[in-house]
Every structure is written in C-alpha cells, then in structure tokens.
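Here is the naming used below: chain letters follow the sequence lines, and residue numbers restart at 1 for every chain.
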Amino acid sequence: MAAEQPQPPAEHGAGADHGFGQVSRLKGVVFEALSFGASLTGIAALAVLLIYVAIDAFDLANASPEWLLTYFATLVLPLIGFCLYSANDADLTRRIVLALGGGLVGTAVVFQAFEALVRPIPRLTWQLAYLFVVVTPVTAYVVFAGSREPVGRVGFGLVGRFLIGTALGLALILLFIAVDQRLWFLVYTAGFLPAAVLFAYGQVTETRPLTILAAPVALVGSGAAIVADGTITVYPTTWLIYSWTFVVPVAAGIAGLEYRRTSEANRALLVGALTFALPVGGSFVAGTVGLSQANAVLVLLMIVVPVGAYIRQALESEGQLGLVLPVLLAAGVLLGAFIVETVGIPAPDPWLDVSYVTSPASRDPSRAGLYPAIVGSVFLLALVAVFSFVFGVGTAVFLEEYAPNEGVLGTITRIIQINIANLAAVPSVVYGMLGLGLFAQLLGLGFGTVITGAATLSLLILPVTIISAQEAIRSVPSTVRQGSYAMGATRWQTTKNVVLPESLSGILTGTILSLGRAIGETAPLIMIGAPTITFSPPQGIWGSAAAMPMQIFAWSSFPQEEFRYGVVAAGVVTLLIVLIGMNATAIIMRNRSERA
Amino acid sequence: MTDNQAGRPVDAVSRRKFIAAAGGAGAVALAGCTEETGEGNGNGDGNGSGNGNGQSSLSGDIQIAGSSTVFPLMSAVAEDFQRDHSEVNIDISSTGSGGGFENHFCPGNTDFNNASRAIKEEEEQMCADSGVEWIELIAATDALTVVINNDNDWATEMTVEEIAQIWESDAAETWSDVNSDWPDEEIERYGADDTSGTYDYFIENIMGEDRGHTDDYQATEQDNTIAQGVQGSEYAIGYFGFAYYYQNSDQLTAVAIDDGNGPVEPSLETASAGEYTPLSRSLYTYPSVSSLGEEHVAEFARYFVEQTTNRELVADDVGYVPLTDEQQSEQMSKLEDAIEEAQG
C-alpha cells in the first residue's frame, strides 16, 4: 500500500495519453458535442411538435394563468411533495425547489425577451412554456426519483395498477363492441367452461386422459355453440353474460389460488366472494349514475383484482404510506375543480374530451368524434397482433431451429432470409396493393373489411417481426440448447421449454415495435378500400372498419380551421395515447416474462 | 332444534325442497334478465311494413365510394340519415371518381359511386360487363374558384383568355406578360395534381385540350397547401373547389371571371343561376339499380335527393351550390322510376 505510485485522478485519465497529443482530444470533444447535438435536435423537434399538438388538443392556448396556477397548486405541487417525501433526500429537494423557482423566473425572462427582441411565438404564453419546459420534466424526474424509494414505489405501483386495470377493462369493452357477446357466451359456456373443469379435475385427480380430453371438448363445444348461435333467440342480458363469463371464473380462480397458498378455506371463500361482490356491487352503483352496468362490471373487475392483490401485498411490506397517493391525486383534481367552479375561473374547452371519444365523426367540428375509428383501430390491431405473433414467431422458430444450413436446402434457406430482410424495406403502398389483389379480390375477404385490413397490416409488419424474433432466438446461447439435448430432451421439448421462454422478451419487443408501426399506417388501408368515414364501429371481422390515421388524414383536408387544428390535434393525441397504452401493456407483459 | 332420529329425514326432505324451490326461483329470476335478439332477423324481412313510420325500422349496410369532391357532401347527408336510422351502417370511402368506378362500383362492391364528372364510356362498358346497372343523380353544383392574394389589386377580374395564358403549357412567366398594366413580377402557381378531376376540368373549360396545362406549378391534392401558398405571396395564383374558398373567404380573394358577359364572381347565387361560366360544374352520385331494390338503400337515396336543395347543409356546412327545386323534382322522379323498376 505504501509503495503505491502517485497516479493522476481517474477523471483525467484521458489526459495521461501524452503520446496522442492535443489533436485527438479535440476530435473526441467535437465528436461528442456533435453526437449530443444530433440526438438533442431530433428530440427537441419532436418535443415542439408534441407541445403544439397538446396545446391544440386541450385548448391550452385559452387556459388562463389562474386556471393553470390552481391546478399547479392542487395537483402538481402535492405530487412533487409526495415524491420528495418518498425520496427523503435534502439535496434532491433543494435542487427541485431551485429548478422550479429558477425555471419560473428564467422561462419568464427568456420568453418575454425573445418575444420582444426577435419575434412573437404563436399560441404560447410564458406560463405554458414554463409548464412544458420546466414543470413537466422536473415532475417526471422527481416521480422517477421518488418511485425508487419504498413509499413512492407503493404509491405509483397502486396508481399504475389502477390505470392498467382501467385500460384493460376499456380494451375488453372495445373488443366486445366488435365481437358478438352472445356468441362469446355460448362458446364460453359450451366449450371453454367444460374443458376447463375437465382439465382442472384431471389435474387434481391426476387422471391424464381427462386432461388430454379437455382440448377436443373445447373444440366440439365451441363448434356446437357457433351452430346453436343461429337458432337461439333468448339470451341473458349483457351484464349477466359478463358476470358469468368473467367475474365468476376470475373469483373462483382467485379463491382457488388463495386456498392453495394458505390452505384456509374460509379465507379463500372470503377473498373469492370479495372479488365477486365488488365488481357486481359496483356495477349497480355505476348503473344508478347512468353508466352502462355491463361495461362497469368489466372495468371494475379489471381494477379490483390487481389493485386488491397489490394492496394486500403492500400492507405487508414497508412504505404503506404510499397507499394514500391515489387519494392525494383524486383530492387534488376535485379541489382544483371546486376552486375553479366557485371562483369562476375561465377553464379551457378541450377538443379531446369524453364526447370526442364516444361520438362518431361529424361535419360540425364541435360534435366530431373518433369513436368508430378508435374501435376499428383497436380491433384491427388485436387481430394483427395475433396474426403477426403466430406467423412471425412460427417462421422465426422454423428458420432458426429447424431449417437446414447446408446443402441445397441451406441455400434456399439463405435466399428466404435475404428476401425477408429486403421485404422489410418495401413501401407500405405496395403491401396495400398486395392486400387488395390477394385478400380482397382473390380470396374474397371483402373490400375494406377488418379481416382484409388485419391480414394486410400483418403482412406489412411480418418481416420486422420475423427478423427481431430471429435475433432474439439466436441470442439464446447454444450451450443452453446443448444442455437440454444432453438431458435427453427432443428438439420440440428444447424449443418449447428452453429456447422460447428464454427469448420471449426479445420477441415481444420486436412485435411491440412493429405493432406501433401498424397502428399508424394509412396507405395500405386506403388501397384495400377501408372506409374514410363510417358512423358505427365494425360489426365483426367481416364488417368494414374505419381506422384512426385515415380519419385524421381525412380531417386534415377539411376547409374549416377548427378541423385542421383542434380536431386533428385531438385525434393525434388519442392515437398516441392508444399507442402508448398498448405499448405499455406489452412492455409490462415482457418484463413479467423476463422476471419469470 | 329437532336434531333427533325422527327429525333427520324431515329435515332432509325440507332441505331438498328448499333447493328445488330456490332453483326454480333462481331460474325465474334469470329469465327476467334475458332479452330477445329478434331485431336483426326480423327487420330484414319487415322492411316493407316499416315504410309507414320510416323511423329506425330500417337496417342494413350501405357502401359508398368515389370522388373526394363529393365526399364531404355525402358524409354530411349520411351523418344526418344515420342519426334517424341508427341500424343502417353507412361506409364512405374517398377514392376519387375513377378509382371508385373501376375498383368498387363496376365490380359490384358498392351501392353508390360519387363522381365529380359524368361517367366515362369505358367505365360504362366496365359496369355493363359485370351487369351493374346505374342511374345518374346530380348531387350539387361546384363553382371552381381561381384565387389570388388579398394584396393583389390588379387581377381581381380576369378574362378566360388571361387565365388560360397563365395556366397553359406554354405559360406566361410574369404578370406583365399577360397584361402590360400588371406588375413585372414572376407568377407563382398553385394548382390541382394531374390525377385530380379538378385538373382535367380546368384544362377542358379554360385552356382546351390543345393548349394543355403548365408543368411549372406546385401540384397538390391538398387545398390547404394551395391556400397557404397563395396567402404567402402577393404574386401567387391558384385554383380549387368552391368549398374551400367559401369557408375561408377572408384569407383569399376570388377572381371574378369574364366569359364575354362581364366579370362574374363565384358565389352560390351566380353558380346556381348559371352566370358563373365556364367554371361551374355538376357533381354526381351513381346509385346501382339492384341496390335500390333494398328498402334501406332506396330510402337513403330518397333522403339524399331531398337534401340536395337544403341550403343550410349543402351551402353553409359543406360549401357547394344546392340544386333548384325543378332540378330536384327531376332527380326525384328519375330515382322513383329506378326504385320502382328495382323493387318490381
């Protein structure tokens, strides 16, 4: 230790290379600055666009400073305070306060000076600039910092589960607009339920023939249900169908899990009964305030289960105080609304409101809505996800695990590989023409129908899905496969039990990225004759469906200014929200599979 | 409690009875929660009887494709129709007149095709080949509008010949080339793409086929682009359908066109009176006769023709020139004949 040589401090390590002189350092610094500038330029341009879209969609240009101040005080400050309390770091608190305060003065001065000296900035005030440039990033940072500590983790975990539950419930509702819920009722009752009971019974009593019988029973039952659907005329109400096909099995399943975990029958019964009673009871309450009882039961079920499980878990761990976060947020919103109402502060009139997402398109901008297009897009995307996952992963597994690498067949495999790589670069219009010729005309799936659209979009993103799935499968070390073979596993068993679970997160990442592309595609949909405008959501997969990007594109050429700015901006924000929501769900699924 | 040997069977029987009774009650309760699904099947046949009250007894799909110019009018009418008949699904695609005839209407996939020009001979042939019969209905009148910048005070009135000199294939370079009183500044041109029906129409009625259309202009399908280009430069000129000018008339100046009888400004009045020549044109929709055999399609067609004189909808909301009452009754009798033929 005593013989240690004096060394330059670590951060000056680069300076120690005297042999390379000053020049190489300059180059390095310039390169670093350039790459930093390049990344910043793109992000900044995107941020400016998103800021303006948000301003248009939420009519923030007309938001008075008092309105902004009210919600800043009732909603944003408590949130920041909660995060700072959670982080419990005096240094961080000092920096955040400094950033908020300094940012306030700085933004005001810079903004006013720019407007006075250079040119006025359209539709932006310094308060809005402060909101977007300082408050939003600071809040995001402090949420990030706070959510890493126990209290914040519990709080945001709870809010997150609440949001995800709501989103899943809404997605189910959207799917049931296009899927016939009566057919689902029959298929579930005659096919899925007997098969599940058979399977469970077989598992418990360890009679293997019964478990194997489950699949054919499900198939036969579903087939019978589809046949019966044409003849039966009396059905339970939608509410009863949802309760029977979703709430009852979920409650039973949760009670079963609880029993297996704790072996306490009473406790399991209680948990199951609560899982059943909360959505059902809640739906009656929702019915009394004029909401759809059937839809409420779906949303509530999706919220109750994860939130309930999470709260129970959180109560046993540290950071229980975080459970007040949802209360804090809700109270902030209510208090803000109360102040705005009583003081009479003029509030902005956002284009993107509840009626925008629940009403069909209209020639009157204030009445125009995106509802049929939202349902159409979500339904299209659900099908595309299924198609591209099945075909993409199937192809990738075949090419990586089964296709021969040598000889004539190996050459063919390589040719296929090259073609797939090239197909990824083919313009989307060409895929649209392919869809028009192949699916709409040759196979007769119909012009502009959901199935034609989904098939076309799946083809469009298939190359990307295949390539990313291949990369993911290839990244599984071959030693793992060899180990599996050494244990005597067959190739099928190795693929199913070793390779696919290991590569699933990579496969999902690729699929998510390409689904994001599919939801925004317009050109192929125009080619296959998807309707530009329709006033009702798709009626099953053979019905025609409007899609969000097409509707937004159509609005952008309307002569009225309200369409080109307000309605289109609201559409873009809705599209982004749906996209981010779907991606977030998929990313969470991916992270789950990584952890498992 | 009678928990003795004698009590047991009594108790068991009563429990079984209770279960049976509860089951029966449950079944009755469930039956209360059921609903009939008759609507879909019943209405397919029940259309004739629903004719009297007309409201919401109609159901079915209506597929419409064709011209992007007629699209706003058709979707406005469809929106109102759908409000009264929520069981009728109307899909409208904006595919262009020709694209609609070729890909959708003549192969028999759509019930209506909108067109900003009359059907062409080869399209008639195509429809005849696949056995699609149609009738022609006039939907509205469009007044193609030539626009200039608000600061332009010299060219507010132009003759057809002057406009032709600006847009022909051997086009004038500066404003003073057209008229020596005008400034010696280069002309900036913004116009419709050569795939557009508006482009063909402009050549046909202003320049003539021989003189053609200049290549030296900003070609676009988006009227917004044309409007913004003309707003941005004092020396710019452009043309597009009347609707865009009508909705934004304070940002642009419309050129009054002199077709030999003095300058006429484009307006709803001059176009419907037939004074705004040669740039007012008819817009059409073509229903298929076999589709008119279905009651919901026939009802929609009747509603459409009724609305063609609705000034509030056609002019104020969409920006086209409504039909006159005589034109409307002419279209209506044509339509009724076709419906009668189709429904026998």
Side-chain angles (χ1 to χ4, degrees), chain A residues 180 182-183 229-230 232-241 243-244 359-365 367-368 372 376 436-437 440-441 444 446-449 525-539 542-546 550 553-564, chain B residues 30-38 40-42 61-65 68 71-83 86-95 99-100 103-104 107 109-110 220-225 227 240-248 251 313 316-319:
Chain A
D180 186 3
R182 287 165 181 158
L183 182 64
D229 186 41
I232 296 179
T233 52
V234 178
Y235 284 91
T237 56
T238 309
W239 177 82
L240 210 58
I241 292 180
S243 303
W244 163 237
S359 51
S362 169
R363 65 177 177 278
D364 174 5
R367 253 199 337 230
L436 177 71
Q441 281 171 343
F447 282 88
T449 53
L525 293 179
I526 294 178
M527 294 305 296
I528 61 156
T532 312
I533 192 170
T534 175
F535 301 96
S536 41
Q539 318 281 312
W542 302 103
S544 51
M550 281 193 71
F553 179 68
W555 277 334
S556 75
S557 61
F558 273 39
Q560 295 96 325
E561 198 162 313
E562 293 90 339
F563 272 111
R564 283 181 283 138
Chain B
L30 277 185
C33 292
T34 57
E35 52 196 1
E36 302 272 341
T37 67
N41 309 333
D61 293 337
I62 304 178
Q63 313 275 346
I64 304 171
S68 55
F71 171 77
L73 176 65
M74 193 49 113
S75 57
V77 174
E79 182 191 335
D80 290 350
F81 186 77
Q82 185 114 18
R83 206 166 288 147
S86 56
E87 291 290 307
V88 180
N89 294 319
I90 306 177
D91 296 338
I92 310 173
S93 304
S94 161
T95 61
N103 293 327
H104 302 282
N109 295 318
T110 49
T220 171
E221 277 282 286
Q222 291 272 325
D223 291 343
N224 295 330
T225 318
F240 44 53
F242 182 67
Y244 196 94
Y245 170 70
Y246 186 73
Q247 305 274 2
N248 299 276
Q251 292 159 21
L313 185 148
D316 299 347
D317 285 354
V318 184

Just jot down the side-chain hydrogen bond (donor to acceptor under 3.5 Å, both in side chains) partners of Asp316(B), sequence neighbours excluded, or say none. Tyr246(B)
Could you pull out all residues at least two apart from Phe240(B) that satisfy ring-ring contact (aromatic ring centres under 6.0 Å, His included)? Tyr244(B)
Where Ala530(A) and Ser93(B) come nearest, the two heavy atoms and their spacing: O-OG, 3.6 Å
Below 4.5 Å, heavy-atom pairs only: which of Ile90(B), Val88(B), Asp61(B) has the largest tally toward chain A? Ile90(B)
Could you report the tightest heavy-atom contact between Arg564(A) and Asn248(B), atom names first, then the distance? NH2-OD1, 3.7 Å
Please name the pair of heavy atoms, one in Phe71(B) and one in Ile533(A), separated by the smallest distance, quoted to 0.1 Å. CE1-CG2, 3.6 Å
What's the separation between atom CD in Glu561(A) and atom CD in Gln251(B), rounded to the nearest 0.5 Å? 6.0 Å
Using non-hydrogen atoms and a 4.5 Å limit, figure out which bit of Thr95(B) sits close to chain A: side chain, backbone, both or neither. neither
Heavy-atom cut-off 4.5 Å, strictly under: side chain, backbone, both or neither for Ala78(B) against chain A? both
Can you tell me which portion of Leu313(B) sits under 4.5 Å from chain A's heavy atoms? Options are side chain, backbone, both or neither. side chain
Name the region of Ala76(B), side chain, backbone, both or neither, that has any atom closer than 4.5 Å to a heavy atom of chain A. both
How long is the straight-line distance from OG1 of Thr449(A) back to CG of Asp91(B), given to the nearest 0.5 Å? 10.5 Å
Can you name the nearest heavy-atom pair linking Ser75(B) to Phe535(A), along with the distance? O-CZ, 3.5 Å
Measure from the side-chain N and O atoms of Asn109(B) to the backbone N and O of Phe447(A), and report whether any donor-acceptor pair falls under 3.5 Å. no
Please report the closest heavy-atom contact between Arg363(A) and Glu79(B), naming both atoms and the distance. N-OE1, 2.8 Å
In Å, rounded to the nearest 0.5 Å, how long is the span from OG1 of Thr532(A) to CE of Met74(B)? 12.5 Å
Paired with Asn89(B), the side chain to side chain contact (heavy atoms under 4.5 Å, CB included) test is passed by just one of Pro372(A), Ser544(A), Ser536(A), namely Ser536(A)
Chain B shares the most heavy-atom pairs under 4.5 Å, among Ser557(A), Pro360(A), Gly446(A), with Ser557(A)
Checking Ala361(A) against chain B: side chain, backbone, both or neither under 4.5 Å from a heavy atom? backbone
Max heavy-atom pairs within cutoff under 4.5 Å with chain A, candidates Val318(B), Asp80(B), Ile92(B), Ile64(B), goes to Ile92(B)
